[in-house]
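Proteins get letters first, then strands, A, B, ... in listed order; numbering begins at 1 in each. Worth saying up front: this structure is predicted, and the values here are computed from it rather than measured.
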There are 2 protein chains.
Amino acid sequence: MSDDSTTGAGRPLTARANFLLSQLGFHVAQTFAARLAPLGIAPNHFGLLTYLERAEGCTQQQLADALGIHRKVMVGLLDDLEQRGLVERRRHPGDRRAHAIHLTDAAHHLLPRARTVADEHEDDLLAALGADERADLVAVLRRIADHTGNPPGVHPGLPLAVKGNSGAPGDAS
Amino acid sequence: MSDDSTTGAGRPLTARANFLLSQLGFHVAQTFAARLAPLGIAPNHFGLLTYLERAEGCTQQQLADALGIHRKVMVGLLDDLEQRGLVERRRHPGDRRAHAIHLTDAAHHLLPRARTVADEHEDDLLAALGADERADLVAVLRRIADHTGNPPGVHPGLPLAVKGNSGAPGDAS
DNA sequence: CAGTTATTGTTACCGTACCCGACAATATAG
DNA sequence: CTATATTGTCGGGTACGGTAACAATAACTG
């Protein structure tokens, strides 16, 4: 089975790490977005809020630079979060043209819940693996990600907004 | 750095398997599409051609069903491949309403090159890993993918067409 | 055999998301 | 004071995904 040039077909595509990674990555992003939807945020919002926890008061440009996205996208993300009452655009003390982004109390209350959702999602995703295998997988994935040369922060290209959600999701419960 | 509940920030997002998988999956799909672009096809085209190698002559509905996508998407994919002279829509011997999809000689010549590109891409992606680690990673990923319940075939949601490529790419170099 | 239903492939439409450049407001340099 | 750069924002053009509808043909029913 090492050589199948006669059949012409190579590996069945489920034995390729690149295919598996792409497929799993898509699935993971989709399911995580679905799980995060009841909280009213998308994965990229979660990443932004998580980063803001340690960089409160910085400007939008700094945020966009840190997360590796364009400032234009940051405008849209902050618009969403501001509309949901999770961040505030205050006046920057040093630069009157820049905004100082701050988390609201609602964000501080929401973030632990979002982290719980992420933990549950990860736990469900890796249900077939033992604790040692999970740690090894994370280590290997991090090595691969580190080898790509990309910054370790939030990755670009995460629209992944759940559709069919016209109104405000019922967070009244 | 194991516990920082005082700061409120959980794991730095690069220690979560779900985040790493999503980030890596996106990166892998992007780089693979970029590598495949000089051949004039996208990753989903490659998957379709690969499946067609073993299912030549079947209908579009069977293809769409096997790859887990809608028939409409299959129309567009086959349009692309037919325009590039890689597949042919012949008359189905049994059903006059269905088409029998066949690979052309150009496709048979292109597929080994595409497989080489995939091999090189995978090899470059896993450059930081040894042979044993690669096999373990593939096995673990396959277990996770198998646990999701999705069909093992081609995964949905792969637009990933390289932009800015209006004309035929110059592979003369 | 006539009629009805289901299936195949295709087209058109619409809403959405992304990418591009351009613009007002402000800070900094000369 | 003037000129240039930076920050944040806005609009247009383009491509993609998904839904509904349609002609052509097969399968089923009486």
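- Using a 4.0 Å cut-off between a side-chain N of Lys or Arg and a carboxylate O of Asp or Glu, A/Arg115 and A/Glu120 do not qualify as a salt bridge.
- Residues A/Leu103 and A/Val87 come closest through the heavy atom pair CD2-CG1, 4.0 Å.
- A straight line from CZ of A/Phe26 to P of D/dC16 spans 15 Å, rounded to a whole angstrom.
- At whole-Å resolution of the value, CD in A/Gln30 and C1' in D/dG18 are 13 Å apart.
- The pair A/Arg35-A/Asp124 meets the salt-bridge criterion, since a charged nitrogen lies less than 4.0 angstrom from a carboxylate oxygen.
- Taking a cutoff of 4.0 Å between a charged side-chain nitrogen and a carboxylate oxygen, B/Asp79 and B/Arg84 do not qualify as a salt bridge.
- Under the 4.0 Å criterion applied to side-chain N and carboxylate O atoms, A/Arg134 and A/Glu122 are not assigned as salt-bridge partners.
- The separation between A/Asp80 atom CG and C/dT16 atom P is 14 Å, rounded to whole Å.
- Between the CG atom of B/Leu77 and the C1' atom of C/dG9 there is a distance of 15 Å, rounded to whole Å.
- Rounded to an integer number of Å, the gap from NE2 of B/His70 to P of C/dG9 is 12 Å.
- Remark: P of C/dA27 and NE2 of A/His92 are 12 Å apart, rounded to the nearest angstrom.
- A donor and an acceptor atom, one from each side chain of B/His92 and B/Thr59, are nowhere located under 3.5 Å apart.
- Between B/Arg91 atom CZ and D/dA24 atom P the separation is 13 Å, expressed in whole Å.
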Check your understanding: How does protein reach along nucleotides 6-12 of chain D, written 5' to 3' as B (base within reach of a heavy atom under 4.0 Å), S (only sugar-phosphate), or - (no contact)?
Key -> BSSBBB-

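- Looking at residues two or more places apart in sequence or on another chain, you find no ring-ring contact (aromatic ring centres under 6.0 Å, His included) involving B/His99.
- Screening A/His45, A/His121, A/His27 for a ring pair (Phe, Tyr, Trp, His ring centres under 6.0 Å) with A/Phe32, the sole residue that qualifies is A/His121.
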Point to revise | Pairing string, 5' to 3', for DNA chain D - Watson-Crick or wobble contacts under 3.5 Å, brackets [ ] where pairs cross, | to another strand | key: ||||||||||||||||||||||||||||||

